[in-house]
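By convention here, the first residue in the shown sequence is residue 1.
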Amino acid sequence: MIDSVWEAVAVLLAGVAAGTINAVVGSGTLVTFPTLLACGLPPVLANVSNNIGLVPGSLSAAVGYRRELAGQRQRVLRLGSASLLGAAVGAVLLLVLPSSAFDDVVPALIALGVLLVVFGPLLQRRVAARAAARGGRGEHGVWWVWPAVLGTGVYGGYFGAAQGVLLLAILGIGVDDDLQRLNGAKNVLAFVANGVAAVVFLFAAHVDWVVVALIAAGSVIGGQLGSVIGKRLPPLVFRTVIVVVGVVAIVALLV
């Protein structure tokens, strides 16, 4: 529970920071989740309330990238089905499994995402060469993109920190398109995953609505800020930001 004005301000500002980070890269949960724990919320309640609160911010980021989303309707619909199914499974897992179940897996997944981003250009060339021999990667990417997005959706529904790092790595390697356009698609996929998990939590978990309102308000503002900042980053700088955020996420989770 939020017991003071200062705690409310801290949660609101954490929401702004999370919304900004999620729009640019993804892993804003690593700002809001520890803030809620510091305010005395139990972990599961904090995770559930945080997830619901970040949904409007995810939508705000997707709207901020609406120009980059032009022409991606079919791609987003197809990959969005993977995020939807995966997030539903992940949300149910959060409610039925012990909280320690993914403790070792989460840092490893984020590390994998960081490595994929670092070696992305090299892997892109190899994937493109093999796909060209088979007729190209196609609008939706190579065959493994859909199941990879499905797996990321499971993780997103369960916890979701640095979900965006994994999505950008998958899309950047498996789909032949500009990184900024792929970031727009990533924001929509993250919104779908967060939204589906939120629906599950609304019917099956306890929610702190004050926390939800504060994070929602902050993340909407942050989503617009992040969409402006993210679109101005050159590809090399963009990849560097992704790697830095991913490494910080790993350290934060391990510590």
Solution key, residues 189-204 side-chain donor-acceptor pairs under 3.5 Å, sequence neighbours excluded:
from	atom 1	to	atom 2	distance (Å)
Asn194	ND2	Ser58	OG	2.9
Asn194	ND2	Ala190	O	3.4

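When side chains are defined from C-beta on, Ile215 counts as touching Leu36, because their heavy atoms get closer than 4.5 Å. With contacts defined as side-chain heavy-atom distances shorter than 4.5 Å, the pair Val212/Asn50 does not qualify. Under the 4.5 Å side-chain criterion, counting only non-hydrogen atoms from C-beta, Val48 is in contact with Leu94. Between Val11 and Thr32, every side-chain heavy-atom pair lies at or beyond the 4.5 Å cut-off. Taking the side chain as every heavy atom from C-beta outward, Val89 and Tyr158 never approach each other to under 4.5 Å. Side-chain contact between Glu68 and Asn183 is absent, with no heavy-atom pair separated by less than 4.5 Å.
Between atom CG of residue Leu167 and atom OH of residue Tyr155 there is a gap of 11.0 Å, rounded to the nearest 0.5 Å. From Asn51, atom CG reaches atom OG1 of Thr29 across 7.5 Å, with rounding to the nearest 0.5 Å. Atom-to-atom distance recorded for Leu179:CG and Lys186:NZ is 10.0 Å, nearest 0.5 angstrom. Here the straight-line distance linking atom CH2 of Trp146 with atom CD1 of Ile170 works out to 12.5 Å at 0.5 Å rounding. One finds the CG atom of Asn22 at 12.5 Å from the OG atom of Ser227 (value rounded to the nearest 0.5 Å). Taking CD of Glu7 as the reference point, atom CG of Leu214 lies at 10.5 Å (rounded to 0.5 Å).
The heavy-atom pair separating Ile52 from Pro56 by the smallest distance is O-CD, 3.5 Å. Looking at every heavy atom in both residues, Gln180 comes nearest to Tyr65 through OE1-OH, 3.4 Å. In terms of heavy atoms, Leu37 sits closest to Ala46 at CD2-CB, 4.2 Å. Residue Ala17 comes nearest to Val31 through the heavy atom pair CB-CG1, 4.0 Å, listed as atom of the first residue, atom of the second, then distance. Of all non-hydrogen atoms in Arg75 and Asp176, the two that sit nearest each other are NH2-O, 4.4 Å. Contact detail for Val149 and Ser83: the closest heavy-atom pair is CG1-OG, 3.4 Å.
No donor-acceptor pair closer than 3.5 Å links the side chain of Gln163 to the backbone N or O of Gly153. Judged by distance alone, the side chain of Ser219 and the main-chain N or O of Gly19 form no donor-acceptor pair under 3.5 Å.
In this structure, Leu77 is not a member of the same hydrophobic cluster as Val145, with clusters built from ILVMFWY side-chain heavy atoms closer than 4.5 Å. Residues Leu182 and Ile173 are members of one and the same hydrophobic cluster, defined by side-chain heavy-atom contacts under 4.5 angstrom among Ile, Leu, Val, Met, Phe, Trp and Tyr. No chain of hydrophobic side-chain contacts below 4.5 Å, direct or via other Ile, Leu, Val, Met, Phe, Trp or Tyr residues, connects Ile221 to Leu13. Linking ILVMFWY residues whenever their side-chain heavy atoms come closer than 4.5 Å, directly or via other members, places Val24 and Val165 in the same cluster. The cluster map of Ile, Leu, Val, Met, Phe, Trp and Tyr, joined by side-chain heavy atoms under 4.5 Å apart, puts Leu166 and Val154 in the same cluster.
At a cut-off of 3.5 Å, with distance as the only test, no side-chain donor of Trp209 or Ser49 sits close to an acceptor on the other residue.
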